[in-house]
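As a basis for the values below, the full set of heavy atoms in this structure was taken, side chains included, without hydrogen atoms, waters or symmetry mates. A note on names: the letters A, B, ... follow the listed sequences, proteins ahead of strands, and every chain is numbered from 1.
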2 protein chains.
Amino acid sequence: MARTVKGPDARRERWKGHREQRRAEFVEATIAAVARKGPDVGMDDVAAEAGVSKPVLYRHFTDKSDLYLAVGQKATELLMDRMGPALVADGPIRGRIAGIVDAYLSVIEENPNLYKFVVKGSFVDRPVEKDLVAEDKNLIATTLARILGDYLRSFDMDSGGAEPWAHALVGMVQNAGDWWLDRQTMSRANLSDYLATLIWHAIDGLLRSAGIQADPGQPLTPLRLVD
Amino acid sequence: MARTVKGPDARRERWKGHREQRRAEFVEATIAAVARKGPDVGMDDVAAEAGVSKPVLYRHFTDKSDLYLAVGQKATELLMDRMGPALVADGPIRGRIAGIVDAYLSVIEENPNLYKFVVKGSFVDRPVEKDLVAEDKNLIATTLARILGDYLRSFDMDSGGAEPWAHALVGMVQNAGDWWLDRQTMSRANLSDYLATLIWHAIDGLLRSAGIQADPGQPLTPLRLVD
DNA sequence: AAGTAACCGTTACCTCAAGTAACACTTACC
DNA sequence: GGTAAGTGTTACTTGAGGTAACGGTTACTT
């Protein structure tokens, strides 16, 4: 097992994995502390939750906002792990829409506290430099814009509205999700279906207005001119 | 002008109007300070902007969050003054939608800094007890739900989805507005039209799916069974 | 075996902004 | 003249974020 080429100093590398693991551990502690004491916990609380005292925390995070970002990143992973597949899945357009919407709703349903914590962002005092929520929404909207643009172009339609529409759709699902999280007056499947219906009708209407009769069961890249 | 019935003590009443005016003055100062120094201004900055020192400010606002709420209330007024008429206006449905959307966009276009300040809420350190933004969104969504429900019922359709749809629409317009405020790549009229088109098509699709052929030029309470 | 680079962890401190105490002056009702 | 509201100030307290300074442990390096 002897290293043939000696690296700069093995002592520097020894902890690489450990540090990552420790950060993750503190992220978990933060989530736990928030669940226990509400979103306005202090660094002392987080440290206590992790069974450690404050300076230790500060060896792993430069800052309260650094810790917040780490938690946000964790949440982003949870979200993207679920949304990614739904976004790239192919198949009939109507079903894809429902799948994407439901993927999102399932994540916030399973992690409501984490979701609120990250989105409300009241954990950090000063405005944080990187707005993770905005970045996520942007990423999703950009992806949607591409899908939607492709879809429209497949009918030889103008895809100029794809970007604003994509952002509109993102906001739509998010806000409906927020409302639903607060007062859960219907099942998730029900809401997914309502939203997917709304979205499908909007898209269908766009096509109709261009004189195209689309079918919700059509695969994504449908009717592309075969010539 | 002598009072016949003597009130408890006129000295108590003497300032009633004055206090209101003073609060408004500090609200303005806050907006100015934010415009000048970014959203993370301190109370000292606000006081300085008003040409006064901190304790004076605290005679009129119990709290930083109290001041924030006052600014938010001011913003709500601006918004509702513009949206109220658009919401209650009657006329063809397609035009009403465009009017409502454009009313909203016009407000955020004219007060982008105030808008971001209130929505991001990074002025207050701890979570504030009253979420004005959520309340506004709720108010608008509730109104929309009523309008939409009435519209659907006028076709004898099930209006069960009206509430989630209303919240979805609110989020949709807000998020598209945020995107547009950031990178203004199109005119307001253009965006309004894109969004109104999307919304109209969604509604139209709902009606179609129930076998009803609607006309975007129809007045709001259309085709009610005349029998 | 000695040295050292990375971590473990602590208590006690610093800093900065929110918020308050205490004091002095002004106005106009009683 | 007394007093209830306001005007304003400087100087303080408080609390949470963040740091200094100290000592111990492990395991790589020489």
Side-chain angles (χ1 to χ4, degrees), chain A residues 1-26 29-30 33-34 37-69 122-129, chain B residues 1-3 5-26 29-30 33-34 37-69 122-128:
Chain A
M1 278 303 235
R3 287 194 321 296
T4 47
V5 189
K6 71 173 176 185
D9 188 336
R11 277 170 296 188
R12 206 182 308 160
E13 304 300 306
R14 216 182 61 192
W15 301 95
K16 276 284 160 64
H18 181 52
R19 285 193 62 88
E20 288 306 308
Q21 189 190 344
R22 209 74 209 287
R23 270 179 73 102
E25 184 185 323
F26 287 125
T30 307
V34 166
K37 309 194 54 174
D40 57 342
V41 287
M43 293 299 264
D44 286 301
D45 299 296
V46 172
E49 180 75 37
V52 121
S53 100
K54 216 169 29 169
V56 176
L57 201 49
Y58 278 98
R59 290 225 184 82
H60 296 273
F61 300 91
T62 69
D63 209 79
K64 199 181 193 185
S65 91
D66 187 25
L67 176 55
Y68 169 72
L69 286 177
S122 57
F123 180 61
V124 281
D125 35 1
R126 313 175 174 273
V128 68
E129 57 288 352
Chain B
M1 279 304 234
R3 284 192 324 298
V5 191
K6 71 174 177 186
D9 188 335
R11 276 171 295 188
R12 206 182 308 160
E13 304 299 304
R14 217 183 62 193
W15 301 94
K16 276 283 161 64
H18 181 51
R19 285 191 61 89
E20 287 306 307
Q21 188 189 345
R22 209 74 209 288
R23 269 179 74 100
E25 186 185 322
F26 286 126
T30 307
V34 166
K37 310 193 57 176
D40 58 343
V41 287
M43 293 300 263
D44 287 300
D45 300 295
V46 172
E49 181 75 38
V52 121
S53 101
K54 213 170 30 168
V56 177
L57 201 50
Y58 278 97
R59 291 226 185 79
H60 296 272
F61 300 91
T62 68
D63 214 73
K64 200 180 193 186
S65 91
D66 186 24
L67 175 56
Y68 168 72
L69 286 177
S122 57
F123 180 60
V124 280
D125 35 0
R126 312 174 175 275
V128 70

Rounded interatomic separation in angstrom, taking [atom1] from [X] and [atom2] from [N]:
X       : N      : atom1 : atom2 : value
A:Glu25 : C:dC8  : CD    : C1'   : 12 Å
B:Leu57 : D:dG6  : CG    : P     : 15 Å
A:Tyr68 : D:dG17 : OH    : C1'   : 18 Å
A:Leu67 : D:dG18 : CG    : P     : 10 Å

Exercise. Any side-chain N or O of A:His60 under 4.0 Å from OP1/OP2 of C:dG9?
Worked result: no

Exercise. Is A:Glu20 salt-bridged to A:Arg23, cutoff N-O under 4.0 Å?
Worked result: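 No, this pair does not count.
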
Exercise. From B:Lys37 NZ over to B:Asp45 CG, what is the distance, rounded to the nearest 0.5 angstrom?
Worked result: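 With rounding to 0.5 Å, NZ (B:Lys37) is 3.5 Å from CG (B:Asp45).
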
Problem set entry | Sugar-phosphate or base contact per nucleotide [nucleotides 11-25 of chain C; S, B, -; heavy atom under 4.0 Å] | B-----SBBBB----

Which atom pairs, donor and acceptor, lie under 3.5 Å between side-chain atoms of residues 48-65 of chain B and protein residues at least two apart or in another chain?
unit_1	atom_1	unit_2	atom_2	d
B:Glu49	OE2	B:Arg36	NH2	3.4
B:Asp63	OD2	B:Ser65	N	3.3
B:Asp63	OD2	B:Ser65	OG	3.1
B:Lys64	NZ	B:Phe123	O	2.9

Exercise. From C:dG9, C:dC7, D:dG8, pick the nucleotide closest to the side chain of B:Val52?
Worked result: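 Minimum distance to the B:Val52 side chain belongs to D:dG8.
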
For this session: Heavy atoms only: give me the nearest B:Val46-B:Ala29 pair and the separation to one decimal.
Result: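 Closest approach of B:Val46 to B:Ala29, heavy atoms only: O-CB, 4.2 Å.
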
Problem set entry | G-U wobble or Watson-Crick pairing nucleotide for D:dT30 (cut-off 3.5 Å, both distances) |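 Check on D:dT30: paired to C:dA1, both distances under 3.5 Å.
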
